[in-house]
Amino acid sequence: MVVKIRLARFGKRNWPHYNIVVAQARTARNSKPLEVLGTYDPVPKADPYGAPDKLHKDIEMDVSRAKYWIGVGAQPTDRMWKILSMAGILPPKKFEPPTAKGQPPVEVDKVRIR
Amino acid sequence: MPPRVPGASGSLASLDTALLASSSSTSQCARRTFSTTPATCMSRRRYEMHKWLNENAARLYDQSSPGPRYLGAYSDQPFPNNSLFRSQPVLSDMLKEEIYNRIVVKGDAIKSVSREFGVDVRRVGAVVRLKEVEKRMIAEGKPLATPYARAINSMLPQTRLPTPGSDEKPIPHESINEIPVHRHTRRQLFVPVSESRHFTRADAAHAFDENLLPVDERSFHQELITAERKIVTGEQDRGEAMKAWELDVQATEEAHAAKVGEQLEKERSRVKSYETGRAAYRIKDVSVDDAGRDGKGPRASGWRYGAPHMDRKRGAVKIPTSVP
C-alpha cells in the first residue's frame, strides 16, 4: 500500500485548519496517521501590527522529517507538492492542464488528395 | 380632550392683565407673565444664591487662565465638602516624551529612569508602549484626539518636567517602592517563635507561604534597597553606592534585552517566507519529537487525535489575556 503525505482537515465549519500527515493511502482522511509533520492554516491573515493588506498563510512543518518521507518513497498530494516545493524539498511543478497546441498551417504542396 | 390648565379659572388674557397690575411694585414677580403657575417671590435661599453668584461669578467663569474652576479654594479638590476626594496628578506630555527618549533613544535602564523621575516601573513601561502607539499613529497619518487630550490635561493636576538647563530636581510623581499586597498575606497568622530568634521579613514571608518571596525581593527596586542598605550600614558612601547601582541595573537590563533579542532572532530564523503574487507562505520548522512517545505532548504541532475540543465546555473564558 502506498504511503502518502497529505492534509487532514481539522478546524471548524467555515474555518479550515489542516494537519500535514504521513498516512497509508487507503485510510480515512482524519484517521490516526503514521506521523503528524505539522499544520497548514489556509486562511490568509495580516500581521497584528503590520500593513493590513499584506497577508500571509502559516505553515508549521518538520522539514527534515518531510525530506526523510520523500526519500523513502512517500507520495505527496498535489496540494502538498506545492507546499513541499515552497519549502525547497521538491522541485516546483505546474498543475494547470496542458495548453492545447493548435494544428500547424496546411502546406498546399504536401497535401495529397486521392 | 383639550389640555387642562391648572388654576386658570378665567381667561388667560384677563389673568395676564391682573398679574401685570398686581406686580408693578415687585419687579421680580412681574417678569413671569407667561407662566400660569401662581407667582412666588424670590425666597431667601434663592436670593442668597444669586448674591453668592454675583460675588463669585468673575472667578468662576473666568476663561483667561487654564485649569479647573472648582467651588472650593483648592485646584485639586472638585467637591469642597469632600476633602478626601483629591484629583491625582498625571504625567505631563513633556515628561512622557522625556521618559520615552531616555529609554528608547538613549537606552537608559528602566529602573534608573523610574528612580530619577519618581515614576513606578510599570508606569514607565506603559508610557513607552503608549508613546510607541502614538508615534506609529502619527507615522500612519491617523488623526489624534489632541483637543480632547488638551482639555482633559487642563482639568487635572500634572507632574511636570523641570525646565531643561536648570538645576531643579524632578518632583517625584509617586512612590516607586509599592508592592501589591499578595493574597496569601491578607490572613491573620499566629506563629509561635522563641524570643531569642531573629525573625526577619524572609521568615515572615515563609510563614505565610512556602513559595512566597520576602518583600524586599518582591519589590521592583530590590537592587536599590540593597544599595540603600549598604549606605545605612556604612559599607559604601552614597555617591559610590548609587554609581554601582546604576551600572548594575544597566548591565542587568542590557543582558536581559540581549537574551530576548537572541530568542526573537532564533524564532525568526526558524521561519522561511515564500512570496507568491498573493498571500505569502511562512513555513516554520518544527520538530515531530515534541509530540513525545504517545503523540500527545503539549508543545507538539498539529491537532490532537482522540482529544475532544474544550472550546464548547461550560464556563470556559474566551477573553484573550494577552496582546500579540
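Here is the naming used below: chain letters follow the sequence lines, and residue numbers restart at 1 for every chain. Just so you know, these numbers come straight off a predicted model, no measurement behind them.
From Trp303(B), atom CH2 reaches atom CG of Asn30(A) across 11.0 Å, with rounding to the nearest 0.5 Å. Taking CG from Asp62(A) and OG from Ser301(B), the interatomic distance works out to 9.0 Å, rounded to the nearest 0.5 Å. Taking NZ of Lys284(B) as the reference point, atom CG of Asp58(A) lies at 8.5 Å (rounded to 0.5 Å). From Ile283(B), atom CD1 reaches atom NZ of Lys57(A) across 12.0 Å, with rounding to the nearest 0.5 Å. We find the OG-CE distance between Ser273(B) and Met86(A) to be 10.5 Å, quoted to the nearest 0.5 Å.
With a 6.0 Å radius and a threshold of 12 heavy atoms from other residues, nucleotides or ligands, Lys296(B) has its NZ atom at or below the threshold. Atom CE of Met137(B) has more than 12 heavy atoms from other residues, nucleotides or ligands within 6.0 Å. For NZ of Lys12(A), the number of neighbouring non-hydrogen atoms (other residues, nucleotides, ligands) closer than 6.0 Å is greater than 12. More than 12 non-hydrogen atoms from other residues, nucleotides or ligands lie less than 6.0 angstrom from CD of Glu140(B). By the 6.0 Å contact criterion, CZ on Phe95(A) is enclosed, its count of non-hydrogen atoms from other residues, nucleotides or ligands being greater than 12. The environment of Lys67(A) atom NZ is sparse: at most 12 non-hydrogen atoms of other residues, nucleotides or ligands sit within 6.0 angstrom. Around atom NZ of Lys45(A), more than 12 heavy atoms belonging to other residues, nucleotides or ligands sit under 6.0 Å away.
The contact between Arg136(B) and chain A is made entirely by side chain atoms (from C-beta outward), counting heavy-atom distances below 4.5 Å. Lys54(A) touches chain B through its side chain: at least one heavy atom from C-beta onward sits under 4.5 Å away, while N, CA, C and O do not. Contact annotation for Glu35(A): only side-chain heavy atoms (C-beta onward) come within less than 4.5 Å of a heavy atom of chain B.
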(Q) Please evaluate residues Val36(A) and Tyr305(B) with respect to the criterion side chain to side chain contact (heavy atoms under 4.5 Å, CB included), reporting the C-alpha separation (whole Å), side-chain torsions for both, the decisive distance (0.1 Å), and the verdict. (A) CA-CA 10 Å; Val36(A) 180; Tyr305(B) 289 87; 3.7 Å; yes
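When the candidates Leu55(A), Asn19(A), Thr39(A) are compared by the number of heavy-atom contacts under 4.5 Å with chain B, Asn19(A) comes out ahead. The candidate with the highest count of non-hydrogen atom pairs below 4.5 Å against chain B, out of Ser64(A), Pro48(A), Pro33(A), is Pro33(A). Comparing Gly11(A), Gly88(A), Gly38(A), Ala66(A) by heavy-atom pairs within less than 4.5 Å of chain B, the highest count is held by Gly11(A). Note on Ser31(A), Pro44(A), Ala46(A): by heavy-atom pairs under 4.5 Å with chain B, the leading option is Ser31(A).
Ring geometry for Tyr40(A) against Tyr281(B) counts as parallel: the plane angle stays under 30°, on a 0 to 90° scale with 60° as the upper cut.
Scanning both residues, Leu37(A) and Val286(B), for their nearest heavy atoms gives O-CG2, 4.0 Å. Across every non-hydrogen atom of Met61(A) and Asp285(B), the tightest pair is O-OD1, 3.1 Å.
A salt bridge links Arg282(B) and Asp47(A); the closest N-O separation between the charged side-chain nitrogens and carboxylate oxygens is under 4.0 Å.
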